[in-house]
Amino acid sequence: MADPLAAAGRAPVLLAVAHGTRDPAGPVAVRELLARVRALRPSLRVAEAYGELVSPSLEEAAAALDGPAVAVPLLLGRGYHALIDIPERAGRLLPGAVTARPLGPDALLADALAGRLGAMPSVRRGDGGPPRPQDIVVLGAAGSADPAGAADVRAAARLLARRLRRPVPYGFVAAGGPALDEVVARQRRRGAGRVVVASYLLAPGRFLDRMRASGADAVTAPIGAHDAAARLVLRRYDEARSRMGEPAGVQ
């Protein structure tokens, strides 16, 4: 995925902005994802930043940049941070910068989730491993008080259902509803096989901990440094870069 503009030194910096978490494993996952982005487009300059809790902050990262930039929120749906916080801060700190739309929902994320489900390890009792036809897969999401964010999770569940060719209900562990633990309990009462949660998260943190406490038989690893997610980061960058020179904002 060579970028001729980047090779000529004219491409704007890709400023990847994650939410941030107190879990030290979160930034590690972000850096691994960005390493895959760099591997896909080696000539492109990629900078790391966080909205809160983790350094470098968006302000610290912006201060170290020179020239144009495209801020790419490493977020899976619409909400305050993707629609207001990151665009306003990036526009104030980096005149002329544009902010890409959030990563999700997208079929590439459904591919990544399917990959995480397929990579689930087996255990001695024989109840581990990838989902079987009799198992129920539930999409576990952080949730959002923004109706647009909730709609994005519903769309993500439909994309995963299409990818897996099976129904995929969804549940939240934070804002909004339906609550993931209630969804898991309802699916278990139906008497099928295991209930497996596909964690619709980019990195570990408190939301993953809540998913693991939801009563599900298994919970996948976060999307993390999956090649499909790395390709999606670059897709969002390219979409937003086409708008350089227009007023900053979310595409």
Peer 1: Please assess E52 against H81 for the test side chain to side chain contact (heavy atoms under 4.5 Å, CB included), listing each intermediate value before the final yes or no.
Peer 2: CA-CA 10 Å; E52 57 185 56; H81 291 292; 3.7 Å; yes
Peer 1: Starting from L33, can I reach I86 by hopping between I/L/V/M/F/W/Y residues whose side chains sit under 4.5 Å apart?
Peer 2: no
Peer 1: State, with a plain yes or no, whether a side-chain heavy atom of R236 is found less than 4.5 Å away from one of D106.
Peer 2: yes
Peer 1: Is the shortest side-chain heavy-atom distance between Y50 and P27 below 4.5 Å?
Peer 2: yes
Peer 1: What I'd like to find out is whether the side chain of M211 reaches to under 4.5 Å of the side chain of R206, using heavy atoms alone.
Peer 2: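 M211 does not reach R206 side chain to side chain.
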Peer 1: Please say yes or no: joined through hydrophobic side-chain contacts below 4.5 Å, possibly via intermediate residues, are L75 and L15 part of one cluster?
Peer 2: yes
Peer 1: What's the verdict on side chain to side chain contact (heavy atoms under 4.5 Å, CB included) for F172 and V153, showing C-alpha distance, side-chain angles and the deciding distance?
Peer 2: CA-CA 9 Å; F172 298 152; V153 173; 3.3 Å; yes
Peer 1: Would you indicate whether the side-chain heavy atoms of P178 and Y170 approach each other to under 4.5 Å?
Peer 2: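 Answer yes - side chains close enough.
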Peer 1: Please tell me if the side chains of L180 and V197 come closer than 4.5 Å, counting only heavy atoms from C-beta onward.
Peer 2: yes
Peer 1: From the options L232, V233, D238, select the one residue that forms a side chain to side chain contact (heavy atoms under 4.5 Å, CB included) with R235.
Peer 2: L232
Peer 1: Do V196 and P130 make a side-chain contact, defined as non-hydrogen atoms from C-beta onward lying under 4.5 Å apart?
Peer 2: no
Peer 1: May I ask whether L65 and L44 are part of the same hydrophobic cluster, defined by side-chain heavy atoms of I, L, V, M, F, W, Y residues being less than 4.5 angstrom apart, directly or through others?
Peer 2: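 Hydrophobic grouping puts L65 apart from L44.
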Peer 1: Drop me the distance from L160's CG to L117's CG, to the nearest 0.5 angstrom.
Peer 2: 6.5 Å
Peer 1: Measure from the side-chain N and O atoms of R166 to the backbone N and O of A161, and report whether any donor-acceptor pair falls under 3.5 Å.
Peer 2: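 No, R166 side chain to A161 backbone: no donor-acceptor pair under 3.5 Å.
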Peer 1: Looking at side-chain heavy atoms only, is the closest gap between L113 and H226 below 4.5 Å?
Peer 2: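 Not touching, per the 4.5 Å side-chain cut-off.
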Peer 1: Tell me which pairs pass side chain to side chain donor-acceptor pair (under 3.5 Å) where either residue lies in residues 145-163, with sequence neighbours left out.
Peer 2: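 Every pair satisfying side chain to side chain donor-acceptor pair (under 3.5 Å) with a residue in residues 145-163: R78-D152, D111-R163.
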Peer 1: Distance check, rounded to the nearest 0.5 Å: I136 atom CD1 versus R190 atom CZ?
Peer 2: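 Nearest 0.5 Å value for the CD1-CZ distance: 6.5 Å.
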Peer 1: Would you please name every residue forming a side chain to side chain contact (heavy atoms under 4.5 Å, CB included) with P167, sequence neighbours left out?
Peer 2: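 So P167 forms no side chain to side chain contact (heavy atoms under 4.5 Å, CB included) with any residue.
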Peer 1: Can you check side chain to side chain contact (heavy atoms under 4.5 Å, CB included) on V168 and V138, steps first, answer last?
Peer 2: CA-CA 5 Å; V168 176; V138 178; 5.9 Å; no
Peer 1: Shared ILVMFWY cluster between L76 and L34, side chains joined below 4.5 angstrom?
Peer 2: yes
Peer 1: Rounded to the nearest 0.5 Å, what separates atom CG in L109 from atom OH in Y200?
Peer 2: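 Reported to 0.5 Å precision, the distance equals 5.0 Å.
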Peer 1: I need the single residue from L93, L94, D85 that forms a side chain to side chain contact (heavy atoms under 4.5 Å, CB included) with L58. Which is it?
Peer 2: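 Among the candidates, only L93 passes.
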Peer 1: With no hydrogens and no angle check, is any side-chain donor or acceptor of R188 less than 3.5 Å from a backbone partner on G215?
Peer 2: yes
Peer 1: Taking atom OG of S214 and atom CG of D209, what is their separation to the nearest 0.5 Å?
Peer 2: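 Atom-to-atom, S214:OG and D209:CG are 11.5 Å apart.
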Peer 1: Taking it one step at a time, do V17 and L74 satisfy side chain to side chain contact (heavy atoms under 4.5 Å, CB included)?
Peer 2: CA-CA 6 Å; V17 188; L74 300 185; over 6 Å; no
Peer 1: Could you pull out all residues at least two apart from D227 that satisfy side chain to side chain contact (heavy atoms under 4.5 Å, CB included)?
Peer 2: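 Listed in chain order: R36, R231.
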